[in-house]
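One structure is given below, encoded as structure tokens.
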Amino acid sequence: MYDADQVLQRIDDHTVIVLALGGLALVCNYVFFGEAARLARRDRCVPFLLLCCAFWFPHDGNYLLDAQLWFDDYDHWFPKLFWVALVFTFTFECVYLSQTLRYGRREWAPALTQAQFRLWVVATVALGVVLWKVAKDALEDDLYLAAFMVTAVWALLSGYRLALRRGSRRGQSPLQWGAYTGMVSSYGALSIFVFGGSFARWPWVAMCVMAVVGGAGLTWWLARAPAWEPAPAADQAFTSSTGSSYTPREYASRT
């Protein structure tokens with residue numbers, strides 16, 4: 001997709017812009033990730049769709065495992081800083097998987113036992129590893145520069161799916177997706193105007209624009225969506241006994 005040495009040279013030629021836009025993207029990324037973890041814990045729900053987390057996990061984990069490549073072989077400041085940044089995002093992804101194991105069965109698979117649900121999570125993560133390997137080989141993305149935006153778009157699909165299913169702000173917020181919009185805007189601009197080459201061609205530009213518009217749209221929708229209110233104590237007792245995430249009336253309508 002691109003020549004890594006040429007891109008790194010362009011990064012050196014535009015250091016100030018790279019630090020400004022890249023730094024803004026990372027700050028927005030941390031707000032986006034941190035808010036997702038906070039809301040999932042508060043509302044006792046999954047932060048993202050499982051397949052989304054399963055795709056991010058090997059992406060960041062693979063980059064961290066390749067530390068020798070970034071620090072010794074390339075020996076360039078940009079991939080080194082990116083490695084440090086991904087230590088924190090990978091930590092968040094471990095938290096997401098833990099939250100999925102804790103809250104996900106009741107919301108997504110009430111018919112399964114907890115042991116069966118754990119097996120489903122492990123199998124999905126394994127699928128994510130395979131999908132990530134296929135995507136990376138197809139993209140020829142030596143520095144993970146394209147994969148960063150691909151994983152961001154993956155998150156957008158998750159956000160819309162959860163919002164439409166829940167019909168409320170449960171597990172999501174305008175702040176979270178406003179930060180997402182800032183992240184894809186700044187990184188999209190960085191990739192198009194600094195990385196150049198295939199990043200300046202229309203398919204990549206179109207994907208960046210769609211990510212920005214999609215993020216802004218979800219931010220707007222959540223700002224107007226009703227707040228989520230936990231079920232009353234009686235309903236909570238009902239869901240605990242049935243394994244369902246629905247209230248008695250909702251449960252009856254689905255059975």
Side-chain angles (χ1 to χ4, degrees), residues 1-34 52 55-94 128-156 179-212 214-215:
M1 181 175 180
Y2 57 84
D3 183 278
D5 292 331
Q6 290 180 1
V7 172
L8 291 175
Q9 183 58 55
R10 283 194 288 270
I11 288 173
D12 284 335
D13 293 340
H14 302 86
T15 302
V16 175
I17 296 176
V18 170
L19 289 175
L21 291 176
L24 178 59
L26 280 177
V27 170
C28 290
N29 190 1
Y30 292 148
V31 173
F32 173 59
F33 270 26
C52 183
F55 189 70
W56 291 344
F57 188 78
H59 169 275
D60 289 11
N62 197 172
Y63 197 96
L64 295 178
L65 289 174
D66 283 341
Q68 182 177 353
L69 178 64
W70 316 123
F71 285 86
D72 295 335
D73 296 351
Y74 279 105
D75 192 24
H76 187 277
W77 62 269
F78 184 82
K80 290 178 183 179
L81 285 179
F82 200 42
W83 187 92
V84 173
L86 291 192
V87 170
F88 298 98
T89 59
F90 184 75
T91 301
F92 274 118
E93 288 150 15
C94 291
V129 172
V130 174
L131 288 175
W132 157 244
K133 179 60 177 174
V134 170
K136 187 175 186 304
D137 289 349
L139 289 172
E140 298 180 353
D141 186 20
D142 295 338
L143 299 176
Y144 291 57
L145 300 177
F148 183 82
M149 184 61 79
V150 171
T151 57
V153 173
W154 204 259
L156 189 62
Y180 170 91
T181 305
M183 176 184 71
V184 293
S185 297
S186 51
Y187 186 76
L190 174 62
S191 62
I192 293 168
F193 297 111
V194 175
F195 299 162
S198 56
F199 293 101
R201 295 173 185 164
W202 76 263
W204 179 266
V205 174
M207 183 175 68
C208 293
V209 171
M210 292 173 71
V212 173

Minimum-distance pair of heavy atoms, taken over all atoms of [X] and [Y]:
| X | Y | value |
| --- | --- | --- |
| V84 | F88 | O-CD1, 3.4 Å |
| V194 | V18 | CG1-CG2, 3.9 Å |
| F32 | A155 | CZ-CB, 4.1 Å |
| F199 | I192 | O-CG1, 3.6 Å |
| M207 | V150 | CE-CG2, 4.5 Å |
| C28 | A179 | CB-O, 3.2 Å |

Looking at residues at least two apart in the chain, or sitting in another chain, which of them share a ring pair (Phe, Tyr, Trp, His ring centres under 6.0 Å) with F55?
->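 With neighbours one apart ignored, the set is W154.
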
Contacts of type ring pair (Phe, Tyr, Trp, His ring centres under 6.0 Å), residue F71, not counting sequence neighbours =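 F71 satisfies ring pair (Phe, Tyr, Trp, His ring centres under 6.0 Å) with W83 only.
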
Can you confirm whether [X] sits close enough to [Y] that some side-chain heavy atom of one is under 4.5 Å from a side-chain heavy atom of the other?
| X | Y | result |
| --- | --- | --- |
| F33 | M183 | no |
| W56 | T89 | no |
| D12 | H76 | yes |

Under 3.5 Å, is there a donor-acceptor pair between the side chain of [X] and the main chain of [Y]?
| X | Y | value |
| --- | --- | --- |
| D3 | Q6 | yes |
| D141 | A147 | yes |
| Y144 | P79 | no |

State whether the number of non-hydrogen atoms from other residues, nucleotides or ligands found under 6.0 Å of K80 atom NZ is greater than 12.
->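 Counting neighbours around NZ of K80, more than 12 heavy atoms of other residues, nucleotides or ligands fall under 6.0 Å, so yes.
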
List the steps, then state whether ring-ring contact (aromatic ring centres under 6.0 Å, His included) holds for F195 with Y2.
-> CA-CA 9 Å; F195 299 162; Y2 57 84; 8.0 Å; no

Stepwise side-chain hydrogen bond (donor to acceptor under 3.5 Å, both in side chains) check, Q9 with D5 = CA-CA 6 Å; Q9 183 58 55; D5 292 331; over 6 Å; no

Value rounded to 0.5 Å, distance of [atom1] in [X] from [atom2] in [Y]:
| X | Y | atom1 | atom2 | value |
| --- | --- | --- | --- | --- |
| D60 | L65 | CG | CG | 11.0 Å |
| E93 | T151 | CD | OG1 | 8.5 Å |
| D66 | L86 | CG | CG | 11.5 Å |
| W132 | D137 | CH2 | CG | 9.0 Å |
| L24 | N29 | CG | CG | 11.0 Å |
| L81 | L26 | CG | CG | 9.0 Å |

State which residue, out of T15, L143, L145, fulfils the side chain to side chain contact (heavy atoms under 4.5 Å, CB included) condition with F78.
->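 With F78 as partner, T15, L143, L145 yield a single side chain to side chain contact (heavy atoms under 4.5 Å, CB included), made by L145.
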
Just say parallel, tilted or perpendicular for the rings of W70 and Y74, cut-offs at 30° and 60°.
->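 Correct class here is parallel.
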
